[in-house]
There are 2 protein chains.
Amino acid sequence: MRILIENVSVFQEGDILNNKNILIENDIIKEISEDKNFEKIDYVIEGKNKIALPGLVNTHTHLAMTLFRGFADDLPLKEWLEEKIWPQEAKLTAEDVYWGSLLGICEMIKGGTIAFADMYFFMDEVAKAVSESGVKASLSVGMIGVSGNENEILNRGVNFAQNWHNAENGRIKVMLAPHAPYTCPPSFLEKVINKAVEMNLSIHTHLSETYLEVENIKNIYGLTPVRLMDRIGLFNVPVLAAHCVFVDDEEIEILSEKGVGVAHNPQSNLKLASGVAPVKKMVEKRVKIGLGTDGPASNNNLDLWEEIRLVATLHKGVEKDPVCIPAKEALNMATKNGMEILGFENSGIIKEGYKADLILVNINKPHFYPRHNLISHLVYSALSSDVDTVIVDGKVLMEKRELKILDEEKIMFEAEKRAFDLIKKR
Amino acid sequence: MRILIENVSVFQEGDILNNKNILIENDIIKEISEDKNFEKIDYVIEGKNKIALPGLVNTHTHLAMTLFRGFADDLPLKEWLEEKIWPQEAKLTAEDVYWGSLLGICEMIKGGTIAFADMYFFMDEVAKAVSESGVKASLSVGMIGVSGNENEILNRGVNFAQNWHNAENGRIKVMLAPHAPYTCPPSFLEKVINKAVEMNLSIHTHLSETYLEVENIKNIYGLTPVRLMDRIGLFNVPVLAAHCVFVDDEEIEILSEKGVGVAHNPQSNLKLASGVAPVKKMVEKRVKIGLGTDGPASNNNLDLWEEIRLVATLHKGVEKDPVCIPAKEALNMATKNGMEILGFENSGIIKEGYKADLILVNINKPHFYPRHNLISHLVYSALSSDVDTVIVDGKVLMEKRELKILDEEKIMFEAEKRAFDLIKKR
């Protein structure tokens with residue numbers, strides 16, 4: 001299969017190159033050139049008035065929580081979790097998780113997000129949804145170490161990894177996911193780390209999300225969460241750490257030195273009143289930062305463009321520094337950094353020889369004019385609905401905003417029905 | 001002209017009422033009912049899968065600055081203003097402002113914003129653009145008191161008010177606009193206040209936007225900006241004060257007692273590194289708060305939905321209070337409060353006898369499912385591109401996302417051409 005994208009502007013190495021032609025052969029970007037006289041083209045996509053951008057990466061979410069979108073907002077954290085979310089989650093079935101995940105994948109594709117990191121349960125169903133829909137994902141069974149027999153809990157994560165890691169021609173990756181320092185004691189974490197080393201897997205975990213977490217961990221172990229994880233040896237394997245809202249200068253050094261990938265979820269951190277992560281300092285210390293939406297019950301959408309805009313504006317305002325996190329940096333977080341953190345090689349950049357993982361953004365709209373600086377416009381003005389076309393591993397998942405593989409109407413209907421039934425269920 | 005909107009969900013008094021029918025007669029909402037057997041209907045709009053919401057109100061912008069969208073970002077404030085924005089503004093012609101304003105109005109209508117407060121120059125051109133496009137606006141000539149003869153400066157604002165206040169059957173309002181405390185000395189402000197009283201006009205001004213402004217005003221006058229304005233008597237007339245980022249508890253009391261309308265511009269305040277206004281406290285003290293985008297050179301779009309989402313999340317995160325500024329409050333700021341602050345009576349609510357100023361939001365999209373709580377979805381999930389239909393004074397300005405009066409393509413082309421020519425001009 002050879003696809004030609006004609007006359008398109010391309011975001012490459014922090015710059016926009018105009019009037020290029022992109023030749024895709026099977027799952028690979030074969031050529032990017034001025035010339036467009038290629039032979040044997042199966043399919044042509046007009047790229048005029050569009051920017052080709054690496055597909056966006058959501059480095060932290062709980063996809064099936066789409067089912068709880070809008071179910072409980074504007075509540076204190078304890079009440080939200082204990083009285084609203086947990087009781088509903090306890091009733092979830094595998095099929096619910098499947099349809100909730102598909103709903104989330106629909107929404108992500110429509111907004112140009114082509115890869116995501118998910119930690120939840122009934123993960124076989126999430127993997128099935130990923131497999132069918134054509135997107136990329138790094139999936140993991142959320143392991144609550146304190147909820148029962150440690151070995152049994154670990155085995156759930158390990159079995160899932162054995163079944164799915166590198167499935168679908170590498171489109172699916174698996175990580176081991178100890179849920180958080182406050183739900184996983186050091187004894188359990190050590191087992192997880194050993195298993196990760198043995199199986200050559202990365203680890204996905206929540207880390208230093210709230211002030212309360214930090215205080216509790218300090219009270220129990222005499223160390224902050226990041227220091228505790230460092231001492232246990234967590235960072236000796238590749239780690240995707242979600243949130244890192246409360247980290248001091250020394251902890252930022254640790255995250256940097258150990259090459260930890262941080263999933264920054266600015267909108268969720270604001271909405272749940274956690275706070276604002278010290279991203280300016282993390283960037284200065286070269287911590288690898290990706291962007292995430294967190295679950296749709298705490299955001300409430302899966303829109304990476306909002307996170308891009310937020311990371312580029314929030315820290316300017318809070319740090320009183322109008323030059324921190326410039327537009328290019330924000331775009332890199334949402335693309336290149338994200339793919340790297342999720343473990344997808346040869347993706348996250350539009351480059352010959354790389355995977356054909358890209359989106360086309362329609363810029364023929366009032367908010368993209370005048371076109372003084374398209375990178376600024378992508379960060380400070382664009383919307384997820386500006387995404388016109390989505391291509392993953394050379395396969396067209398959306399064109400002219402129409403989903404090519406998933407049945408959007410059916411998925412919206414099924415997911416809603418299941419969500420309503422779930423709430424009613426005793 | 002009688003328009004019927006059938007089978008629509010209506011946002012009314014903080015609630016969503018399902019399956020209603022709205023009869024519009026000329027510029028008025030004639031009836032909202034279960035029944036739809038009305039006679040002599042000229043035009044029917046299908047409202048299924050849509051929410052009728054009062055049109056959004058942008059309480060502070062400088063519309064023609066669309067021409068500078070993306071021209072200068074990620075720069076220190078001084079360099080941004082003195083080296084980038086001001087030199088370009090000095091070259092602006094009346095026609096530039098006309099086309100820049102039309103571009104901004106296109107963008108606003110497409111995002112469901114039907115009214116705005118603008119302070120700039122060449123305001124006759126902005127008024128012309130408003131007049132032609134069908135939206136509502138409160139317009140004012142920005143008066144820099146220190147830039148020449150005080151009476152001449154004031155007369156520009158007064159003449160504009162004489163020509164345009166209540167024009168287009170009340171669709172255009174005019175305020176007097178002393179630019180800011182640091183550009184308008186008390187002697188000038190007193191003249192403006194007297195004139196406002198004499199002409200029964202409101203005043204639009206920038207107030208306490210930056211820490212530097214507050215420090216400078218304190219150094220010169222021995223009082224903070226809000227206290228200085230209070231002592232001069234500014235708040236004895238109705239005032240629209242943009243920003244109010246740096247206001248202490250006593251100043252918040254003053255703003256509340258004097259009924260000052262505050263235009264909160266969260267995204268601009270973040271991007272320009274001004275800071276975060278104490279909106280939680282202002283709400284507690286019942287200060288009248290509307291939302292604004294500020295000019296498109298400092299935002300960089302005119303998207304009120306982003307400001308709605310930001311006001312409902314930012315303050316939760318910064319104040320560490322997950323229940324402050326709940327969804328309904330954010331929607332009220334962007335609708336009812338905004339219209340009140342701009343001086344439009346009988347608007348901002350969908351109610352029988354009120355002006356037919358409303359928008360239809362298409363909720364048949366993945367990010368609106370499941371429909372646990374449509375008010376939450378409007379605030380935490382909706383996008384400006386979800387707006388399907390825009391009606392102002394009973395006139396359809398957009399339907400199925402197609403502009404009915406303005407020529408979008410022509411305006412994008414003209415505005416961009418002028419912006420590029422302007423930058424080249426010496």
Side-chain angles (χ1 to χ4, degrees), chain A residues 66-71 73-77 80 103 106-107 110 211 267 269-276 299-303 306 309 313-314 316-323 326-327 364-367 369-374 376-377 380-381 383-385 408 411-412 415-416 419-420 423, chain B residues 66-71 73-77 80 103 106-107 110 211 267 269-276 299-303 306 309 313-314 316-323 326-327 364-367 369-374 376-377 380-381 383-385 408 411-412 415-416 419-420 423:
Chain A
T66 47
L67 298 177
F68 308 122
R69 190 202 312 272
F71 173 63
D73 293 308
D74 302 325
L75 293 173
L77 191 64
W80 178 72
L103 178 63
C106 270
E107 185 189 343
K110 297 211 89 168
Y211 180 75
Q267 196 162 116
N269 295 157
L270 290 177
K271 182 161 180 286
L272 298 184
S274 305
V276 178
N299 189 310
N300 296 349
N301 58 28
L302 294 156
D303 187 337
E306 289 175 7
R309 178 148 43 250
T313 54
L314 176 62
K316 289 180 171 69
V318 169
E319 302 275 1
K320 308 275 162 70
D321 176 2
V323 305
N364 196 32
K365 302 188 179 186
H367 57 283
Y369 283 90
R371 297 179 183 170
H372 289 304
N373 183 335
L374 288 174
S376 263
H377 289 355
Y380 298 119
S381 203
L383 295 175
S384 59
S385 51
E408 191 178 346
I411 291 166
M412 292 190 297
E416 177 164 82
F420 287 173
I423 306 298
Chain B
T66 48
L67 298 177
F68 307 123
R69 189 202 313 271
F71 174 63
D73 292 308
D74 302 324
L75 293 173
L77 191 64
W80 177 73
L103 178 62
C106 271
E107 186 190 343
K110 297 210 89 169
Y211 181 75
Q267 195 162 118
N269 295 157
L270 290 176
K271 182 161 181 284
L272 298 183
S274 306
V276 178
N299 189 309
N300 297 346
N301 58 28
L302 294 156
D303 187 337
E306 288 174 8
R309 179 148 41 252
T313 53
L314 176 63
K316 288 180 172 68
V318 169
E319 303 275 0
K320 309 273 163 70
D321 176 2
V323 303
N364 197 32
K365 302 187 178 186
H367 58 282
Y369 283 89
R371 297 179 182 170
H372 289 304
N373 182 336
L374 290 174
S376 263
H377 290 355
Y380 298 118
S381 202
L383 294 174
S384 60
S385 52
E408 190 178 345
I411 290 167
M412 292 191 296
E416 175 163 84
F420 287 172
I423 306 297

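Below, chain A is the first sequence line, B the second, and so on; all start at residue 1. All of these numbers come straight from a predicted model, not from anything done at the bench.
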Is it the backbone or the side chain of [X] that comes under 4.5 Å from a heavy atom of chain A, or both, or neither?
X: B:S274; value: backbone
X: B:Y211; value: neither
X: B:D303; value: side chain
X: B:S385; value: both
X: B:E306; value: side chain

#### Entry: Distance (rounded to the nearest 0.5 Å) between B:F420 CZ and B:F71 CZ
11.0 Å

### Query
How long is the span from the CG atom in A:N301 to the OH atom in B:Y380, to the nearest 0.5 Å?
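That separation rounds to 12.0 Å.
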
### Query
Taking the side chain as C-beta and beyond, is there a heavy-atom pair between B:D73 and A:H372 under 4.5 Å?
no

### Query
Taking C-beta and beyond as the side chain, do B:R309 and B:L383 meet within less than 4.5 Å on heavy atoms?
yes

### Query
Hey, which of B:R371, B:K365, B:Q267 has the most heavy atom pairs under 4.5 Å with chain A?
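Most heavy-atom pairs within the cutoff with chain A belong to B:R371.
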
### Task
Identify which of B:I423, B:L272, B:L314 forms the greatest number of heavy-atom pairs closer than 4.5 Å to chain A.
B:L314

### Message
Could you work out, with side chain to side chain contact (heavy atoms under 4.5 Å, CB included) as the rule, every residue matching B:P366, not counting sequence neighbours?
### Response
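Expected list: A:L103, A:C106, A:E107, A:K110, A:E408, A:M412.
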
### Message
Below 4.5 Å, heavy-atom pairs only: which of A:K271, A:K320, A:K316, A:R69 has the largest tally toward chain B?
### Response
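Most heavy-atom pairs within the cutoff with chain B belong to A:R69.
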
### Query
Excluding sequence neighbours, so at least two apart, what forms side-chain hydrogen bond (donor to acceptor under 3.5 Å, both in side chains) with A:H377?
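In terms of side-chain hydrogen bond (donor to acceptor under 3.5 Å, both in side chains), with neighbours along the sequence ignored, A:H377 is linked to no residue.
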
### Query
What part of A:S381 lies closer than 4.5 angstrom to a heavy atom of chain B: side chain, backbone, both or neither?
both

